Amino acid sequence: MHIVDGALAPEVLIGGGVIAVAGLGLGLRKLPIDKIPATGVLSATFFVASLIHVPVGPTSVHLIMSGLAGLVLGWAAFPALFVGLLLQAVFFGFGGLTVLGVNTVNIAMPAVLIGLTFRGLVARSTPKVAAIWGGIAGAASIAVTTIFVAISLGLSGEGFIPAAKLVFFAHIPIMIIEGLISAAAVFLICKAKPELLRTDTADIAHEPAFDAPASPQTATTAHEASNG
Amino acid sequence: MSSLIDLNDISYGYRSGQKVLDRVNLSLNADERLFITGPNGAGKSTLLRILVGLIKPHSGRVSAFGKVCVSEADFHELRCRVGFIVQDPDDQLFCPTVVEDIAFGPLNLGASRDEALAIVDEVLDQLHLRHLRDRITHELSGGEKRLVSVAAVLAMRPDVLLLDEPTNALDEENLERLEDILLGLPQAMILISHDPHFRRKLATRTLELRGGILSTRPAKKCSAAERAKAEVMEANPDANAPDNADASASASVKSSANPGAVPKPNTRPDISPVAGQA
Amino acid sequence: MSSLIDLNDISYGYRSGQKVLDRVNLSLNADERLFITGPNGAGKSTLLRILVGLIKPHSGRVSAFGKVCVSEADFHELRCRVGFIVQDPDDQLFCPTVVEDIAFGPLNLGASRDEALAIVDEVLDQLHLRHLRDRITHELSGGEKRLVSVAAVLAMRPDVLLLDEPTNALDEENLERLEDILLGLPQAMILISHDPHFRRKLATRTLELRGGILSTRPAKKCSAAERAKAEVMEANPDANAPDNADASASASVKSSANPGAVPKPNTRPDISPVAGQA
Amino acid sequence: MSHLFGHDQPLGAQASSGTAPSFVGSFDPRVRVVAAGLFAIMVVALHQVEFAFGAFLVAFGTVFLTDLPLRLTLKRMAAMDGFIIVMLVMLPFTTPGTPMFSLFGADASKEGLMHAVLIGVRANAVVLMMLCLLSGLSPVALGHTLYRLKCPAALVHLMMFTVRYISVLHDEYHRLRMAMKLRGFRARNTFHTYRSFGYLFGMLLVRSLERAERVLDAMKCRGFSGHFPMIDHLEFKSRDVLFGVGFVALIFAFVLLDRMYVFAY
Ligand SMILES: Nc1ncnc2c1ncn2[C@@H]1O[C@H](COP(=O)(O)OP(=O)(O)OP(=O)(O)O)[C@@H](O)[C@H]1O
Ligand SMILES: Nc1ncnc2c1ncn2[C@@H]1O[C@H](COP(=O)(O)OP(=O)(O)OP(=O)(O)O)[C@@H](O)[C@H]1O
Ligand SMILES: [Mg+2]
Ligand SMILES: [Mg+2]
């Protein structure tokens, strides 16, 4: 799913970067300071998902679980998945630096859109029905991601169009498997900890009565702490 | 009234109908090391979380240092004076490096960066952990994490310490080290522990939480092996001096009558087997 | 040869140069409850992981049930006959409900859904845990989780059990319950535990792992409190009968000479204090 | 694999422990991070294969100024190349242009081949230079660096929490996975397998959320009132300025020559 440095046209890179910055801005605005720990821990979980390999036919693929990230985190999925991609790029050499924006948009945007669409449905259903919706969300977010990847390739040159088609068809088994796994995960979450899906992160912490100072002031105090 | 912390008639349940705590009373006096035991799921951790205001009880009152705590601001102030060492050190050490983690508390208390760093070094020296100063928290071993989490709480110079199962998964060496550190601290503490030996060494008073009721621990509740041992003890009462802490627990739960009368089993200053690189 | 499991000259280190295990030999005979102790980080868990093939040793040989295990397929077969109960029951229970979790093992062994369900009910009855059948695993108490994780492993009908610190964070009631269950099981076991009392009650033989070397546990290595107690014991040798299990451990590590000679401290069938709803 | 960013990741590099840093590692991380970013942008902007190859050689030369283990580094590059090889092989056949040779009835164009080679060289150059410049930089140090480079504080703190808990959760995953294996589980193409993996991941999520709640509680117990401390040892020295100026000059030289080369055609 990761596109590497050097493949895409500059216009696509810049466009992706701009959308990614906007998405990050929006995501961070929906992330008050006392929700950062919860989002960070969940972001780490989704990073770990990318290290889990499941068999597909004769080979194996790693999980992405972006649909579930959208369901659980909502808009905060954008910065959460960005952090994962940044760490992968820098420390594993997967993806690249200049394409970071495009890769983030390709993976996080579908997650957020699908998550917001299906969240209500999943929250209102019994575990079995919720599992079906969760499965659809899991498969759909991979499908939209592959379409986005195909579009970024297609916009960068005619020569990529067959490759873009290949990307889409090669990912059909992955969509199915992500769907199945997401369905089982949603089923378990509905049984064991339905709060995880029922609300957005803004309500996850059981104690909303936390009087944090306004964030601009926070940032300056933190600066002083580090630079003083 | 000399008690540092008072809980009055605290009741709580996570779900409606559930009674995890049922009109619990507790008071902690200066110089006490109060142990709370009880079966899994009895609500011991819940009690401590209510004490520091992380959970609001359905009824009852928390007072600390002679002041009733009601609002979040009251509890914030309480939490700055009461150090809580939680069950899993991974939950407590959330900063990337040891020095940042230990400085977190003092910075929150309003210390400047340099003051905070000075406190960090002082605490690390006190616990002989200087060599861990610049390590990355997630690369520490389990025992090291536990000791650093104690340091992080001590850096706030708390007046009271709360420890939730501090001995879990510690080996004998680290256990002894922790015991020595705790014995050397002047603060009053509430400790939760299932380990009877740890309890016996440190406790000045032991309470048991069972069925939502907090009561002085009955002396006879012990396993066959311990019973056998107890019989042996009775035959030779002088052989094992620090062992009568349980028996000397005051009869009433709210024992503010004789606060200083309970003997501390051991009060040598903190000695640690590992030399720091000061 | 009557031994069920044999480790020969196992050496291992996670990093080059590190010697967690240094030419370790071990053999487990039928009807034994073999305890392994040692400080944190001595390599006890590593040893068990090598035994079941989760880690490949740098040198040495694992044989089980008279057959040398080499390939992953050999070890898969071994794992289907050797039940491993891991250190933290939270790591073992990952299915939404208890019944699904216990059925997981039999399903992996190729049982049909109905067969698996029949086994689940049988095991739950055996351990008097019938009332937990449809509970959500995540909401069980710590003690219940531990007992269910034992059930989940027993559902695979193992010939040998391995238990890594099964008593961590258990309260006294659940501890006694677990002791009773383990005493009632016919399987040979290897247990890792830091708890000397648990060890004393169950062990037929105790080994100590220290500095990479596995040796018969020396009798004198104990803390001040235990030493005090030991002195008391010596004064009244008859007062504490089941306490000599450690001393009766055979002198040589590979003690296949006298497999049945070690007395079992207690062999009553499984009795559980909680009544099942059979 | 217990510590993802610890001793198992030689390329992720050991944190500032006892050993002396390499030549590259001795510069301020801020200069190195910015340089890596500029280098990536520069390489992507190059049009000529020759210059892209030159950039690759520069990156390769830099490897010897670091303490990266050469073999492991090349192995990691090969892993990345494995990712893109299919696309690169297809490109000559799908790009219209002057036919060069044909294979199974499909014509390979010269333009397509050049494009494929260009992409391959660029990608390798960027990744290699990044690994070099960021060698010896732990994820924690990267966080400190980004913070000093005025990245939004919320984002940096989010990254720090992610880094902090990746190893905890990865260990948790590993233990669950081992426990499954111990009960005779083998990953196959079956429904049972996928359901089990779903349960596994769902359980990880549930547990991490509960951990997050406990972490926030622990933070409040230490008087958390809305900011995180950042304590680092970053120091900007004059040699860092020299390094920065030299690197920018190199990059400008590359871009200028690349563009002039176009006009020379
Ligand atoms: N967040 C929660 N939501 C719902 N129920 C909870 C929650 N936390 C604890 N409980 C329940 O409340 C009861 C008391 O839990 P608590 O953690 O206080 O017990 P404990 O005495 O600390 O046990 P342990 O010795 O296992 O640590 C248990 O039955 C537990 O299942
Ligand atoms: N996955 C790993 N990677 C690197 N080192 C490890 C790993 N697991 C364990 N170690 C190291 O190997 C040594 C032995 O660890 P092991 O877990 O076997 O000890 P143990 O005897 O089970 O300790 P405990 O009583 O704490 O459970 C320790 O020094 C530990 O730090
Ligand atoms: Mg508890
Ligand atoms: Mg262990």
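Note that these values count all heavy atoms, side chains included, but never hydrogens, waters or copies made by symmetry. All values derive from a computational prediction rather than experimental measurement. First the proteins, then the strands, lettered A, B, ... as listed; each starts at 1.
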So OG1 of D:T162 and CZ of A:F46: to nearest 0.5 Å the spacing works out to 11.5 Å

Q: Would you confirm whether D:Y194, through its side chain, and A:P55, through its main-chain N or O, come within 3.5 Å as a donor-acceptor pair?
A: yes

Okay, D:M219 and chain A: the region with an atom under 4.5 Å from a heavy atom over there is side chain

Side-chain heavy atoms of A:S43 within contact of D:F161, under 4.5 Å: no

Between the NE2 atom in A:H53 and the CZ atom in D:R177, the distance rounded to the nearest 0.5 Å is 11.5 Å

Quick one: do A:F91 and D:M130 satisfy side chain to side chain contact (heavy atoms under 4.5 Å, CB included)? Show the steps, please. CA-CA 9 Å; A:F91 292 99; D:M130 188 181 67; over 6 Å; no

Note: vs chain D, highest number of non-hydrogen pairs under 4.5 angstrom among A:A44, A:P10, A:G96 is A:A44

Between the CG atom in A:L86 and the CE atom in D:M159, the distance rounded to the nearest 0.5 Å is 6.0 Å

Interatomic distance, OG1@A:T45 vs CZ@D:F201, rounded to 0.5 Å, equals 6.5 Å

Scored by heavy-atom pairs under 4.5 Å with chain D, the best of A:L24, A:L180, A:V99 is A:L180

Okay, D:H115 and chain A: the region with an atom under 4.5 Å from a heavy atom over there is side chain

Heaviest contributor of heavy-atom pairs below 4.5 Å to chain A, chosen from D:T95, D:L91, D:V215, is D:L91

Ranking D:L142, D:L205, D:L118, D:L46 by heavy-atom pairs under 4.5 Å to chain A gives rank one to D:L205

Turns out that what part of D:L38 lies under 4.5 Å from chain A's heavy atoms comes down to neither

If one checks every heavy atom of D:F93 against chain A at 4.5 Å, the contacting part turns out to be neither

Cut-off 4.5 Å, heavy atoms of chain A, and the answer for D:Y199 is both

Given A:G57, A:G157, A:A80, the one with more heavy-atom pairs under 4.5 angstrom with chain D than any other is A:G57

One option among D:L204, D:N189, D:I41, D:V127 has the most heavy-atom pairs under 4.5 Å with chain A, and it is D:N189

*Less than 4.5 Å apart, any side-chain heavy atom of A:V41 and any of D:L209?*
no

Quiz item: Run the side chain to side chain contact (heavy atoms under 4.5 Å, CB included) check on A:V83 and D:V163 step by step: do they pass?
Solution: CA-CA 9 Å; A:V83 164; D:V163 168; over 6 Å; no

Check whether any side-chain heavy atom of D:P152 sits under 4.5 Å from a side-chain heavy atom of A:L28, and report yes or no.
yes

| request: Measure the shortest side-chain to side-chain distance between A:I52 and D:F197 over non-hydrogen atoms and say whether it is less than 4.5 angstrom. | output: yes

Side chains of D:V206 and A:L188: does their closest heavy-atom pair fall under 4.5 Å?
yes

Q.
Any heavy-atom pair between the side chains of A:F82 and D:L155 that's under 4.5 Å?
A. yes

Between the CG atom in A:L196 and the CD atom in D:E210, the distance rounded to the nearest 0.5 Å is 9.5 Å

Bottom line for D:T193: the part with an atom under 4.5 Å from chain A's heavy atoms is side chain

Separation between CE (D:M90) and CD1 (A:I161), nearest 0.5 Å, reads 11.0 Å

